[in-house]
Amino acid sequence: MLRFPSLFSATKVGKKTLKNRICLCATVTNFAQNNKITEPWHNFLLERARGGAAMLVTEVIAVDPEAIAQSSTITGFDPTNEAGFKLIANDVHKEDALIIGQLWHPGRQQLWHPTKSPIGVSNLPDPYSGTVPHVMTTEEVLRVAESYIETAKRLSGCGFDGVELHGAHGYLIMQFLSPASNNREDIFGGDLEARTLFVRKVAEGIREKCGQDFIIGLKMPADEGVPGGVCPDEAVRITTRLSKTGYFDYFAYGQGNFSLSLENHVPDMYFDQGAFIELHKKMRSVSGNVPVMALGRIGEPSLANRIIEEGFGDLVGMSRALITDPAWPEKARLGKSQDIRPCVYDNFSWGEVHLGKPLAEHHNGFIGQVNEAFRLPEPASFSKRVMIVGGGVSGLEAAWVAAAKGHGVTLFSSASELGGGLLLESRLPGRQEMRRIIEHQVFSGEKYGVEYVLNYKVSASDVVDFGGDVVLLATGANHRLPSDLEREDRVLSAREYVIQSEKLNGETAVLIDEDGTAATYGVADLMAQNFKNVILLTSRPRVAASVNHCSAIGVFRRLYGANIQIQPAQQVISFIDRIVTVKNPYNAMENDISDVDLLVYSTPRISNDELADELDDTLVKKIGDCRSPRNLMTAIQNGHAIADSL
């Protein structure tokens, strides 16, 4: 009997049948090159079909030359990608899944291309960049509507099952729908009927050109999150009106636009799981017989099943969970939820694509590769005895991978609990999800027979006595003491502070931020619970520079909400008699902060590699932060790669 029967029940979308309720939401990968489909672009979709998703929505497909954002944007307005479209449609169908193309025009949010002129609904600026677009004439609007229709016709001819009109996140369709962005005085502006005319014309034209069997979906917000915009009640009115047209086969709801509400677009670990399902339920109550796709931080099979079972939605849309593990659906179907690589929703992957980089994720280093969904380490030609020193994420990853290859693996940790620096991070307010990475690594290690030895600090003689064929040093790294400070009881590294935080409190504490990552601001959140005044200093011109934009919105919201004083361009040069002296690195002006009870520093780290100096280089490999202190993804994937090469 299925563990999650509602989630894995079949359903109809339009005239087509889905084998289950799991859908891949449109996911930007930046895998395309020169606006053309590539093998990784193809594989990303195919592997999620192989992993068991019933319906796949492609990443954005440009419907018009002015919609091209960058070279990684797929074009659909010309024949360039027809062969690629046909191939992915054919391959996805072989996996008993449907393929939907997301039709996209950014409108005024043409933020990335250096020469394209943004076109928009009105002369109101884009809230993210301040860009003011060319305001389309009525004739230009009709031409763009026709470009959506012709692109849909092309995809239909290539074997696609349907299209999704991207009207969320403030893109062109949303610019028509929202009273906050549409102040037109022609037939496309004004009341609800006028503001929905553009998307109705597009859907009507697609239905006429592509037939009744072709799926037409619309993605829009149930809450745009801006004054005067599409609030839940307005979304109800829009949904009610559009459902009566008979053109739409499903509605999907993604929140926010490119204002500060963009944080709601990809709700991170600070949001509740299924943060917006009540909104989806409200939309479903007025959608008639049109299915509703619930989405936004849905990563647990039990939650996904509940969404269907209790009527929050008819479909469950996932992106980040399926980035982390494309076989999520099949593992859930087989009752093997523990085998699912957990998504921790820190939005690292979103941040990578937002910067124009290829899609990447902490503990899936094989995105877009053949057999990504079910890849396991290949067995070694002969078994080795492997000693791993260090119980952080790099050592834990290397341990289970080496054991999965058939090696005998013993991991030593000087701590009483596995997880290293990430374990400490998981103890910060709101960052508990990070612990799930550790738990999955340990689970995998136990499954493959890794032996864990805790509370044991390994010496050079221990390594020699162990007599292993390979020794992997995963001893991590520590924050380095700022050069102008000296060690004392009132000066602690961020990690030292987390360990001792329960017994540290007072009036004023200062946090030196030369790290810029989300974990540092988690330390600030913790300090704000224990000190009346917290001052955050950085020598850089701004804080949160290493945090993806969506999550950085939440960082600033929490910092300012806790009344933490943020002082950029301030370098600490001394801490004497409870006085912290700072200097502006740009104008050399100095200031004092008095009555400081505690000074905490989060700085670039230095490797703990002393043990390597005492050992034979031919025997020892340094991995993770012990090799080079970088980010979480690098630590995990370096450990994986080294172990996979054994």
Side chain to side chain donor-acceptor pair (under 3.5 Å) partners for Lys94, two or more places apart: none

Let's go through His354 and Asn548 carefully: what are the C-alpha distance in whole Å and the side-chain angles of both, what is the deciding distance for side chain to side chain donor-acceptor pair (under 3.5 Å) to 0.1 Å, and is it a yes or a no? CA-CA 8 Å; His354 185 66; Asn548 69 85; over 6 Å; no

Only counting residues at least two apart or in another chain, list the ones meeting ring pair (Phe, Tyr, Trp, His ring centres under 6.0 Å) with His363. none

Interatomic distance, Phe214 atom CZ to Ile100 atom CD1 [nearest 0.5 angstrom]: 7.0 Å

Tell me if the centroids of the rings in His440 and Trp400 come within less than 6.0 Å of each other. no

With sequence neighbours excluded, what pairs up with Tyr521 under the ring pair (Phe, Tyr, Trp, His ring centres under 6.0 Å) test? none

Kindly indicate whether the side chain of Leu279, heavy atoms from C-beta on, has any atom under 4.5 Å from the side chain of Pro232. yes

Quick check on Lys447: does its NZ atom have over 12 non-hydrogen neighbours (other residues, nucleotides or ligands) under 6.0 Å away? yes

Sequence-distant partners of His362, ring pair (Phe, Tyr, Trp, His ring centres under 6.0 Å), two or more places apart: Phe348

N/O donor to acceptor pairs below 3.5 angstrom from side-chain atoms of residues 552-561, sequence neighbours left out:
from	atom 1	to	atom 2	distance (Å)
Arg557	NE	Glu263	OE1	3.3
Arg557	NH2	Glu263	OE2	2.5
Arg558	NH1	Gly554	O	3.4

Taking the six-membered ring of Phe271 (Phe, Tyr or Trp), confirm whether the NZ or CZ of Arg297 is under 6.0 Å from its centre and within 45° of its axis. no

ring-ring contact (aromatic ring centres under 6.0 Å, His included) between Tyr128 and His549, worked out: CA-CA 11 Å; Tyr128 176 71; His549 176 68; 4.9 Å; yes

Residues at least two apart in sequence or cross-chain that pass ring pair (Phe, Tyr, Trp, His ring centres under 6.0 Å) with Phe160, listed by chain then number, are Phe85

Please tell me whether Phe251 and His280 form a close aromatic pair, meaning their ring centres lie under 6.0 Å apart. no

